[in-house]
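In the text below, chain A, chain B and the rest are named by the order of the sequence lines, each starting its count at 1. Below, all heavy atoms of this structure are taken into account, side chains as well, without hydrogens, waters or symmetry copies.
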Amino acid sequence: MQKMTVTVDGNKVEVPLGATILDAANAAGSRVPTLCHDSKLHPFGACRICLVEVEGTPRKFTPSCTAPAMDNMVVKTTTQALIEARKMVLELLLIKHPLDCPVCDKAGECQLQDLVHEYGLAPSRFDAEKGYLPPDLESPIVERNISRCILCGKCVRICDEQNGVGEWAFTRRGIKTRISTDFDRPLDCEFCGECVEICPVGALTTRQFKYKARSWNLEGTKSVCNYCGCGCGITCETRAGKIMRVGPAKENYLCVKGRFGWDATHSSERLLTPKMRVGGELVDCTWDEALSVVATNLKAIKNKRGPESIGGLGSVRTTNEDSYLFQKFMRAVVGTNNVDMLARLKVPKGLNAAFFSGELNKMSEHEVILVLDKNVGELNPLTGIEIVRAAPRKDRKVILVNNEFNKFNKIASVVIPSSSDKAIEDLVSALSSTKGGSEIKKAVEILKAATSVAIIIPARVTDKEFVKIKELSGQLKNVTHYPLVRRSNFQGSLDMGVVPGYYPGYRGVDAETTASFASAWNAILPDTPGMNAVEMIDAIAPGKLAALYIMGDDPVGSDRHLKEPLDKLEFLVVQDIFMTETAKIADVVLPAASSAEKAGTFTNLERRLQQLNKAEEPVGESRPDWEIIQDLAKRMGGSMRYASARDILKEIKTLVPLYADLAIGACWPREKSPLVNTDVDLSLTSDSIMKQEVITAERLLFSSGGTITRSHEIGTIRHIKIEA
Amino acid sequence: METTYRSNIMICAGTGCVANGSLKVKNALATELIRRNLHKEVKLVLTGCNGFCAKGPVMVVYPEDVFYQLVKPEDVPFLVEEHFIKGRLVQKFLYTPPAEKNTIPVMNDIPFFKHQVLRALRNRSLIDAEKIEEYIARDGYLAAAKALTEMTPEQIVNEMKGSGLRGRGGAGFLTGLKWELCARVPGDIKYILCNGDEGDPGAFMDRSIMEADPHSVLEGMIIAAKAIDAHYGYIYVRAEYPLAVHRLQLAIDQAMDRGLLGKDILGSGFNLDIEIYQGAGAFVCGEETALMASIEGKRGMPRSKPPFPVVKGLWMRPSVLNNVETFANVPPIILNGAEWFSSLGTEKSKGTKVFALSGALNNIGLVEVPMGIPLKTVIFDIGGGIKNNRKFKAVQMGGPSGGCIPLSLIDTPVDYENINKTGAIMGSGGMVVMDETTCMPTMAKFFLEFTEDESCGKCVPCRIGNKTLLSILTRITNGEGREGDIELLLELSQQIKDTSLCGLGQTSPNPVLTTIKYFRDEYEAHIKERRCPARVCTPLVKFVVDQEKCKKCGLCFKACPAGAITWEKKQPAYIDPEKCTKCKSCIKACRFWAID
């Protein structure tokens, strides 16, 4: 790439063609202040604080954020004239900007405050004209203080350029200009809060954080969002050991669930103590009592009916360590391969073998993005954002299959107005012939010409569609698949072997593998494959399955018809963070710690290993899942001695080749999976269980199962979004 | 064969004359000519703006070239009888220069017209704007034909560069150079754009050209399109100019019908479609990037340059945007050559410039003069001097973005360089002339009110800076000025100019800067002496009769609507402060500046 040499404050730096003066200044280590600039956004040039002096230009100052750097340019960033000009800009801003910093939640991280402090502004020479406008108190989630707005336009731009929503806009002119919604109505958007995050002042703040803490008292803990398969990095900001706010990790994005849904962890519905059934009632008890009851009952059933009569349903939201230990417990301690996840009923086919996901941040490198699921923005918001980021910014073509209208229609080059299954069929047949409507023809023309294609795989795919998508992919060049995965650690739990037929790392249950795991775990392992989740449920009525240990799942909440079979169990243990519908019918309920309250790892849909850190202490007597399992194992004669989740990960790394050299933040390569290029499909289908989606399309963005319904903040939106 | 007439009456149907009733005069004439059975001998033609708006409705009778002014419908029978039947000039409607007695019957003998050189306005009072045949008869579309069939884009660009024509929208960028830059940018889609968003208060030259000679704009655009290889064009016209929109659309339709626009123009294989886009009247949409945003359907907000529009303009495609007057200048250059054009004007400012004269002049209207003509000639010879025998104080050039030029600089030659030296700008060519009854801080405040309101609000210096300038000016004119306000105005003005994003903010403090530069004493009088020398700022006027200056004429007594003035013959007047409503009628009436 062509390089240019720019001299900034006497330092020579090389920058690539297309870099701005600001880029060059940053490269040279010269700090140029900005207010309206953000690397996520197109240059705007509104605040005029980033002015610099460029030798040989007709104008005195040049805005560094918009002006391209040129070869041999000589730039000065801190002359007396520039300081005077920047001071004047700040002085002008302070004419309007209220100095209510003591009650402003942005104080301490307000860019205007910092700059005024840095430039040491003397009392203003101008009369203040604060022009107070009442704050917008009607919108949920976001509180808008128009008086504090400095009109940098970042909210307008991020909502449009990154989110594709366009909720905000400039209205009116001159001094009356303001940022507003259509006709100043309350916000009715995706409520991702990106505008709040990017606001350099306190014009946009959240209700959740209002008067909660001063920013300088917060401590940050890096962790991972627990709501969908994207696994966005988050920073939990705590004060006195309590989370006050959650923000994205650097350069990332968070959706409404990731940013505001964490408060479910503080929900009053959290399980605080273990419970056991005494005379038909669930009553609080001690850990000792609860675990003794579980151990005694499981042992008794195992002795009486054999280990195959006990089953375990694992979770798609627990950490890799929890999932690993859960299946190890079932296999090595209970002695059965009856271990599975009900969520396998709700994932796209072939996720594990045919449709390995590409890396999300590389989606924009594809020439064409074929979106086969119109709800992509709701199911995996980050995937949706990557589509929007790719289209207008990098001039990528988007082919959208959508029989309704949503935000992707605006950025799509072609919209195929039919259902996904029909569109897939039409595309495949149009690729080999000249049949099809005008949209299909146009789409096929683009697809054929493309040197690389990203395909967004629908969240649910039938056998027929599965074949067609594979056929379609086969006819295109350089295809990367992006399956939609709704559960946060589905990939990780699969990797950890929470499936009856596979040990961790997709190593099939056969004699050789069993022997190797048996020696590694120092246990006698069952040599027969276990029942899958559907088979387990079906085995309850005939009495083949007597006990069920459910960790982090709520089958009854997902399908109330499951209450009937589960009621017939001799013994039901539920380990969860809430008193779920399933927990209500359990014999013993074990309170688990939430994802914010424990350390561990997730593996997101990209197969990226991610680190969770403990941001706050587990509420009440709740404990991390792995600790509970380890305690229980001890009581049942198993030998588990892990001091921390890290110990478990160490063991995983020795036993699972996929994870052996996998660093935190890296993705395990698809070629290494034993299942690659096979026809194995780890998704499940059933004619009877979980036929109905509890969560309907219009609620997807604001829902993701049981946890989010306990979020107070999300509840305030659900009010307008769903009940309206 | 068409009827030949012995005489033609060219009635001005520009907006000014129409407002003064020229269409009624035309109807009356038509009726009268039929009644007198002259309708086959005398032809009536509605033309575009004649320029001498002060005397509207105006008409010119050919072949004698007689100029009739201030004609009312009821005067028509008399005029027809005298002129067309008896063959006598009608003295009553002839022009008399101010302070003279003898009338001047022939149009080009009148000083207002005598000093003018018509190039952009070459068809003024000669053609019916709604008839393409009349434009073609005056060599219309000949230049386009030449450019399309005989010239290469390089030749066109060279001709334009050689002519030295500079953008008439205000900034004065070399037109040929702009075309060359755009022609060099690779790209399969380019746009040719015409800026008809004339927003300056006191400027109406573009409107006049669009109304009077719309084909000259289209022809200029065709030539430019050929030069840069554009096949689509927009004319951005403010919706407040309905007549301009109507006539441009008519012109486009007629040109399309005759194969002068659209596909394969004149069989040359060159295609060009032109569409009118109506702006909603935001001043900032005259700024090129805001104008393009507006056409794209976005909020009319400027963006930073570079990239310049010639590289990334409308819809991020290479685009050339020129002003209406610039395009109107193009066809004669192509037809007559660069040398012909550059023979007029100064070293760096070639050709002619159209100015809109308004304010305290006797002859307000539209004039086209060679570059380099002294300002004095424009104001005193063409403009006929100051109305009501008052004194010239200053002329505001360039509208709200411009500045004022005082009497001491009245000999300044009118060209880009010399006008810029005074602190004013050529701008699009508005000249607002002020006499001694104008208060300069108030004048600056007036323009700041305009720019403050028209700022798009994007960048801080323009949005808040202009409002702050206005606040300071307001307190000065309210008699609440503070020590140091002048310095504060100067510093803030300079910062706004240096730091604003677009041309609006970069020029908006010019009225403040120039009024302080040339009339600092007036600001000081307001702030230090709490006195408004022009007696405009009501809070600073005492409403007391100066006994020494009072000539005891009683005019103030007669003018006072509140009965607050007592006066008897040979006695100085007295104003009763209890009854005075501070309406300033007495100040306007007094000829001796005797009321403070």
Side-chain angles (χ1 to χ4, degrees), chain A residues 20 35-36 42-51 53 57 59-68 70 81-82 84-97 112 124-129 131 149-153 156 160 169-179 392 395, chain B residues 280-285 289 298-308 311 316 448-472 474-475 480 482 484-485 487-489 491-502 504-506 508:
Chain A
T20 60
L35 280 173
C36 73
H42 286 300
F44 197 53
C47 73
R48 318 310 282 177
I49 204 94
C50 73
L51 296 169
E53 284 180 20
T57 44
R59 285 193 60 78
K60 194 170 170 189
F61 305 129
T62 307
S64 64
C65 70
T66 56
M70 303 277 189
L82 281 170
E84 294 297 321
R86 287 180 194 148
K87 272 188 169 180
M88 181 65 92
V89 169
L90 292 172
E91 201 175 349
L92 289 175
L93 282 172
L94 290 190
I95 291 175
K96 295 289 289 179
H97 188 85
L112 182 63
S124 178
R125 292 167 293 173
F126 306 116
D127 296 353
E129 290 179 41
C149 179
I150 59 167
L151 291 163
C152 67
V156 177
D160 180 40
F170 284 92
T171 58
R172 312 180 192 205
R173 272 201 311 241
I175 199 76
K176 299 183 201 80
T177 311
R178 40 162 123 151
I179 304 291
D395 220 13
Chain B
F283 178 62
V284 75
C285 285
T289 57
K298 297 177 187 150
R299 178 180 164 91
M301 249 179 3
R303 61 163 175 78
S304 285
K305 296 180 278 189
F308 290 97
V311 182
M316 300 310 268
L448 253 301
E449 276 167 1
F450 180 82
T451 39
E452 185 262 339
D453 192 44
E454 292 290 344
S455 161
C456 79
K458 181 172 175 178
C459 75
V460 177
C462 179
R463 180 179 74 237
I464 309 178
N466 281 329
K467 168 76 174 94
T468 307
L469 282 182
L470 178 61
S471 300
I472 298 171
T474 305
R475 75 178 177 229
E480 293 153 5
R482 302 170 198 166
D485 270 356
E487 290 70 24
L488 201 55
L489 282 174
E491 192 192 334
L492 181 56
S493 295
Q494 196 55 47
Q495 291 286 10
I496 295 172
K497 275 175 78 95
D498 287 340
T499 59
S500 285
L501 192 154
C502 81
L504 196 155
Q506 287 165 10
S508 60

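In terms of heavy-atom proximity, B:Ser471 sits nearest to A:Glu129 at OG-OE2, 2.8 Å. Heavy-atom minimum distance, B:Ser304 versus A:Gly45: OG-CA, 4.1 Å.
Only the side chain of A:Ile95 comes within contact range of chain B, judged by heavy atoms closer than 4.5 Å. For A:Arg125, the parts lying under 4.5 angstrom from a heavy atom of chain B are both the backbone and the side chain. With a 4.5 angstrom heavy-atom cutoff, A:Arg172 touches chain B only via backbone atoms. Interface remark: B:Glu452 contributes backbone and side-chain atoms alike to the contact with chain A (heavy atom separation under 4.5 Å). Residue B:Leu492 touches chain A through both its backbone and its side chain, counting heavy-atom pairs closer than 4.5 Å. A:Thr171 touches chain B through its backbone: at least one of N, CA, C or O sits under 4.5 Å from a heavy atom, while the side chain does not. Heavy-atom distances place no part of B:Thr451 under 4.5 Å from chain A, backbone and side chain included. No part of A:Glu91 comes within reach of chain B, as not one of its non-hydrogen atoms sits under 4.5 angstrom from that chain. Contacts of B:Leu488 with chain A are made by side-chain atoms alone, with heavy-atom separations under 4.5 Å and no backbone atom involved. Only the side chain of B:Gln506 comes within less than 4.5 Å of a heavy atom of chain A; its backbone N, CA, C and O stay farther away. For a residue to count as touching a neighbouring chain, one of its non-hydrogen atoms must lie under 4.5 Å from one of that chain's; by this rule A:Leu93 touches chain B with backbone and side chain alike. At a 4.5 Å heavy-atom cutoff, the contact between B:Thr468 and chain A is made by side-chain atoms alone.
Taking CG of B:Asp498 as the reference point, atom CE of A:Met88 lies at 10.0 Å (rounded to 0.5 Å). Taken from OG1 in A:Thr66 to CG in B:Leu501, the straight-line distance is 7.0 Å, to the nearest 0.5 Å. Distance check: B:Leu470 CG to A:Ile175 CD1 gives 10.0 Å after rounding to the nearest 0.5 Å.
Relative to the six-membered ring of A:Phe126, B:Lys467 misses at least one condition, a distance below 6.0 Å or an angle of at most 45° to the axis.
Between chain B and the options A:Leu151, A:Ile150, A:Ile49, the largest number of non-hydrogen pairs under 4.5 Å is found for A:Leu151.
Under the 3.5 Å distance criterion, the side-chain polar atoms of A:Arg48 are left unmatched by any main-chain donor or acceptor of B:Val460. When atom types are taken as modelled, the side chain of A:Arg173 and the backbone of B:Cys456 share no donor-acceptor pair closer than 3.5 angstrom. A donor-acceptor pair under 3.5 Å is formed between the side chain of B:Lys458 and the backbone N or O of A:Phe44.
Using a 4.5 Å heavy-atom cutoff, the side chains of B:Thr499 and A:Arg86 are not in contact. The shortest distance between side-chain heavy atoms of A:Cys47 and B:Cys459 does not fall below 4.5 Å. A 4.5 Å side-chain heavy-atom check between B:Arg299 and A:Val156 finds every atom pair outside the cut-off.
Qualifying salt bridge (charged side-chain N to carboxylate O under 4.0 Å, His left out) partners for A:Lys87, counting only residues two or more places apart in sequence or in other chains: none. Scanning for ring pair (Phe, Tyr, Trp, His ring centres under 6.0 Å) contacts around A:Phe170 gives an empty result, with sequence neighbours left out.
Salt-bridge formation is detected for the pair B:Arg482/A:Asp127: a Lys NZ or Arg NE/NH1/NH2 atom is positioned less than 4.0 Å from an Asp or Glu carboxylate oxygen.
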- Message: Applying side chain to side chain contact (heavy atoms under 4.5 Å, CB included) to B:Lys497 and A:Lys60, what does each step give before you reach the verdict?
- Response: CA-CA 10 Å; B:Lys497 275 175 78 95; A:Lys60 194 170 170 189; over 6 Å; no

